Amino acid sequence: MAGLTTHVLDLTSGKPAEGLNVSLFKKDSQNAKNLVGNFVTNSDGRISKPLLNEKEIKAGWYELIFFAGEYLKAFHKMKEEDLFLDNIPILFQITNIEQHYHVPLLLSKYGYSTYRGS
């Protein structure tokens with residue numbers, strides 16, 4: 001099924017990252033960012049519905065922003081002055097609207113990784 005999904009795994013705790021805020025933007029022809037939606041991860045570290053479903057997906061450049069600093073302060077009791085990461089932007093392109101795009105985030109207190117999943 002075509003669309004866009006994400007999930008976040010907290011590598012520090014070894015569990016899904018519940019309660020992490022995520023925003024999705026689509027870039028227009030002038031490279032301006034247009035908000036598609038704001039989301040919050042559930043107890044499985046996922047957004048309960050696709051960020052884009054098969055009817056909403058369009059080709060182009062997108063940006064996901066994961067609000068990691070907020071999450072790390074709330075769930076790991078980190079102080080503002082101890083944060084290494086704050087908002088994590090991931091820019092990616094959707095080229096084939098017939099395909100499914102999955103953009104996971106593997107998060108720790110001092111680093112992160114992402115990839116195109118299935």
Side-chain angles (χ1 to χ4, degrees):
M1 177 185 271
L4 172 66
T5 55
T6 189
H7 77 275
V8 184
L9 297 177
D10 183 335
L11 298 177
T12 301
S13 67
K15 297 179 180 177
E18 180 179 3
L20 195 143
N21 291 309
V22 180
S23 291
L24 175 65
F25 295 88
K26 184 171 188 319
K27 293 200 167 194
D28 66 19
S29 59
Q30 270 57 51
N31 214 26
K33 295 189 318 186
N34 297 295
L35 180 66
V36 175
N38 294 307
F39 309 90
V40 181
T41 57
N42 62 21
S43 61
D44 197 31
R46 299 179 183 279
I47 308 298
S48 297
K49 63 182 184 96
L51 305 174
L52 297 171
N53 64 36
E54 65 277 357
K55 294 177 184 172
E56 299 166 325
I57 192 168
K58 293 180 175 48
W61 283 96
Y62 290 83
E63 181 175 17
L64 276 169
I65 299 179
F66 296 88
F67 293 91
E70 291 175 358
Y71 170 83
L72 293 168
K73 288 189 284 187
F75 291 93
H76 289 286
K77 307 303 182 215
M78 292 185 74
K79 297 176 185 169
E80 181 75 31
E81 61 269 17
D82 295 330
L83 286 178
F84 178 68
L85 296 169
D86 194 15
N87 301 340
I88 299 172
I90 299 176
L91 297 161
F92 60 97
Q93 183 174 206
I94 291 178
T95 56
N96 184 340
I97 64 170
E98 302 295 318
Q99 293 182 353
H100 179 78
Y101 289 78
H102 184 68
V103 183
L105 182 73
L106 307 176
L107 174 66
S108 77
K109 292 179 180 180
Y110 302 104
Y112 66 92
S113 177
T114 190
Y115 56 93
R116 181 177 172 190
S118 57

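Given the structure is predicted, the values throughout are model-derived calculations rather than measurements.
Residues meeting the side chain to side chain contact (heavy atoms under 4.5 Å, CB included) test with Leu11, sequence neighbours left out: Leu106, Ser108. Residues passing the side chain to side chain donor-acceptor pair (under 3.5 Å) test with Asn87: none are found, sequence neighbours excluded. Remark: Phe75 engages Tyr71 in a ring pair (Phe, Tyr, Trp, His ring centres under 6.0 Å) (not counting sequence neighbours). For Glu81, the salt bridge (Lys or Arg N to Asp or Glu O under 4.0 Å) criterion is met by no residue, not counting sequence neighbours. Take Asp44 and apply the salt bridge (Lys or Arg N to Asp or Glu O under 4.0 Å) test, not counting sequence neighbours, and it matches Arg46. Remark: Gln30 engages no residue in a side chain to side chain donor-acceptor pair (under 3.5 Å) (not counting sequence neighbours). With sequence neighbours excluded, no residue forms a salt bridge (Lys or Arg N to Asp or Glu O under 4.0 Å) with Lys26. For Glu56, the side chain to side chain contact (heavy atoms under 4.5 Å, CB included) partners two or more places apart in sequence, or in a different chain, are Leu52, Asn53. Residues that satisfy the side chain to side chain donor-acceptor pair (under 3.5 Å) test with Glu54, not counting sequence neighbours, are absent from this structure. Under the salt bridge (Lys or Arg N to Asp or Glu O under 4.0 Å) criterion, Lys15 pairs with no residue at all, not counting sequence neighbours. With sequence neighbours excluded, the residues satisfying side chain to side chain donor-acceptor pair (under 3.5 Å) with Asn38 are Ser23.
Using a 4.5 Å cut-off on side-chain heavy atoms (C-beta onward), Ser13 and His76 make contact. Within the 4.5 Å cutoff, the side chain of Phe92 has heavy atoms near those of the Leu4 side chain. When side chains are defined from C-beta on, Tyr101 counts as touching Arg116, because their heavy atoms get closer than 4.5 Å. Taking the side chain as every heavy atom from C-beta outward, Ile65 and Lys33 approach each other to under 4.5 Å.
Considering CG of Asn42 and CD1 of Ile47, their distance stands at 7.0 Å, rounded to 0.5 Å.
Within the structure, every pair that satisfies the ring pair (Phe, Tyr, Trp, His ring centres under 6.0 Å) test and touches residues 7-28, not counting sequence neighbours, is listed here: His7-His102.
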